[in-house]
Each structure stands twice: as C-alpha cells, then as structure tokens.
Amino acid sequence: MILVLTHSYFEQGTDPVIDWLLYYKAPFFRICVEDLVAQKVNYSFDIDKGSVIINGVDYSQKVTVIFFRRFYRYLYYEEGEPLGDVSRKVFYEANNELEHFVEALFDAFKDKIWFPVSEMVNVNKPKISAAAHRAGLLSPRSRVINNKTGLLEFKEECPHGCITKSICRISYYTFGKYTYSTYATSVDDDVLAMLPERFFPALFQEKVMADYEVRVFYLDGEFFATAAISTDKDRLVDIKQSFYKESLKWATYQLPKDMEAQLDKFMRWIGLVTGSIDLIKTVDGQYYFLEVNPVGQYSAPSWQGGYQIERRIAEWLIQKNNMHGKEKI
C-alpha cells in the first residue's frame, strides 16, 4: 500500500499525483498533518511495537511506499480570546509536541520506501553547495559573511560581482491584501551603501553570467529538463521574478549525457531519489549547479514540456509497491 503524507489544502504537486493513483486504482491512503490534531479519527501509535492503528486497522505492515510532500506545517489551536505570551508559548509547545511525535512516527516507518526521504526534505543550502563542489560539479563560490569589509573583499574576488540569497528557504509575508517574498538580489553599490559594518549572517554567492537557466526534475535516474530563455537585456537575478513576463520563454531541453551522469551520481551520493535541480548554462558553454530542492514544484515544467511528471511519479510509486508490497493493483 502507498501512504501519502501531505497537508489538507490543495498542494499542486500532490493532488495531481493522487489523481493518477486513483486512475490506476492503486491501493493508497492519505494522512494530512491536520489529521493528527483534528479529532476526526481514532488512532494509536504503539511506541514499543512500532504499530500504527487507525480506526482499528494496523497500517504499519500494510504500507510499503511513502509519498512524502509538504507534510510539516505550523498549526494553530487557539479558540476564543488570545492570551498574549501564554498563547504563543502554548502554540510553540503544542507544535513541538507534534513535531516530536511525527519524528517518532517516521522512525517507525524508516524501513519503507520513501519519496523523498524525510530527513532530506529540508536540505541545507551551504552543505549541498559544498557537496556539489566535492562531487566535481561546477558551482558558484559561496560564503556566509556578517561584515561589510569581508563582503567587499569577496565581491572583489568575483569577476562579475556577487549576489545574496537566503541561507534557508524563507516563507511568504502577508500584510492585508499584499504578500511579499524574498529573492536572490545583486549586491550593487546601493545595497552596499545601506549595510552597516556588521549585520546578520547572510549567504553571498559569485554571480555567474548566464546564457540561460535550466530547470531539471530528477526522478530516480530520469531527467525532465526545461530551459528558461529570456530576451530581456536587463533581466533580474532571480528568474522567479520574470515568470510572468512575455520576454521569458520555456523550451524542452536535453542535457548532455555526461552532465546527466554527473548529476545522477551526485543525487545518489547525497541520498535523494528525486528533486528539482537548478542549473545555469553560461555564455561560455559551462553548466553551473545552483541548488536542489527535494520537494520543488514540478507542475510548470510538467505542463510546459509535456512530460506528465505527475503520472511518472504515480507510476514509480506503484512500481515500487508492486515490487516490494503484498498488495497488487
């Protein structure tokens, strides 16, 4: 049986895969993180035996494959009047309780086939960048710096200047009807002028002169690539800010076989069976690895390239379940 772990509201990567599981009549069930606190079902987790019983059924031996996508979510429990600092402390501690319970639950399912492995979902950008460098992939020079003098020295070392981006993935900020997000940004003179001598540690990266960017969805040795080609001479550093511009065109793309082999080796080395990989093709024909997101969105490249990635994921889950599980389709 296939277990789908996600959240309750629409998730553009999960729901289309579930549609294909339904189409193939695959045996699966879905648990949302909200289900753990919603008091809609009876469940029991036997810590000693590792069994998980939901509405009287022990699923611990039925599950073979786990499709894990955006399961973590901060939950709110408050009803009625807020209690200020007390409410904040209760929220924090309740979520901490839930997080530790989920970790123990995942450990009970550690012998299952995960897509992707839960421990790899929140990848560390600096660690992945260092791993890519050790694996022989070209990648921009990166440093975490907390002072203006060190930043100026690093900027001087980079022929085309440098950019800054978040060390982790920062969420959206919503104020009224407006929502804000952070993007990779060039470190120009205006940015430098605003900086104090010392500041909160930030990730800085060498700016690479791109001919175009390549977005790659990796699935256990298969590559589904699309190139993002911009005709805008003054294009922004972060391509996400140009997604809705007419000057940005998407095209199916074939990576060189040696590049695919190198990326496949890297992904297996760091323990990822899937992930969305960002590459830059430079003006001199080199490929630079930027980052990999184990739960990156793939609906856009799936549609733009006609890849039907959601179908391929469902078929992969079914294949693994048929190979190792007791329940057949």
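Fair warning: this is a prediction, and the values are worked out from it, not measured in the lab.
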Scan for ring pair (Phe, Tyr, Trp, His ring centres under 6.0 Å) pairs involving residues 131-167, sequence neighbours excluded, and state none if there are none.
none

Run the ring-ring contact (aromatic ring centres under 6.0 Å, His included) test against Tyr43 and tell me which residues pass, sequence neighbours left out.
none

Taking side-chain contact (heavy atoms from CB on, under 4.5 Å) as the definition, give me every residue that meets it alongside Asp220, ordered by chain and number, with sequence neighbours left out.
Arg268, Val273, Trp316, Lys320

Taken in chain and number order and not counting sequence neighbours, the residues that satisfy side-chain contact (heavy atoms from CB on, under 4.5 Å) with Ala227 are Tyr212, Ile229, Tyr253

Reference residue Arg312; test side chain to side chain donor-acceptor pair (under 3.5 Å); the match among Glu315, Glu310, Gln308:
Glu315

Can you list everything that forms a side-chain contact (heavy atoms from CB on, under 4.5 Å) with Lys49? Sequence neighbours excluded, please.
Asp46, Ser51

Atom pairs and distances, side-chain donor-acceptor, residues 134-148, under 3.5 Å, sequence neighbours left out:
unit_1 : atom_1 : unit_2 : atom_2 : d
Arg141 : NH2    : Glu157 : O      : 2.7
Ser142 : OG     : Pro140 : O      : 3.2
Ser142 : OG     : Gln205 : NE2    : 3.1
Arg143 : NH2    : Glu157 : OE1    : 2.7
Arg143 : NH2    : Glu157 : OE2    : 3.4
Asn147 : OD1    : Thr149 : N      : 3.4
Asn147 : OD1    : Gly150 : N      : 2.6
Lys148 : NZ     : Leu192 : O      : 2.9
Lys148 : NZ     : Leu195 : O      : 3.4

In short, salt bridge (Lys or Arg N to Asp or Glu O under 4.0 Å) pairs touching residues 180-202 with sequence neighbours left out are none

Does anything in residues 101-111 form a side chain to side chain donor-acceptor pair (under 3.5 Å)? List the pairs, not counting sequence neighbours.
none

Contacts of Tyr23 meeting side-chain contact (heavy atoms from CB on, under 4.5 Å) (sequence neighbours excluded), chain-then-number -> Trp20

Measure the acute angle between the ring planes of Phe106 and Phe68, then classify it against the limits of 30° and 60° as parallel, tilted or perpendicular.
perpendicular

Smallest separation among heavy atoms of Gly221 and Asp264, with atom names:
CA-OD1, 3.5 Å

Verify same cluster id: Trp114, Ile31 (apolar side-chain graph, 4.5 Å):
yes

Under the rule for ring-ring contact (aromatic ring centres under 6.0 Å, His included), what residues qualify as partners of Tyr307, not counting sequence neighbours?
Phe224

Suppose we screen for side chain to side chain donor-acceptor pair (under 3.5 Å). Which residues come up paired with Gln12, at least two apart in sequence or across chains?
Ser299

Got a sec, which residues hit side chain to side chain donor-acceptor pair (under 3.5 Å) with Tyr298, two or more places apart in sequence or on another chain?
none

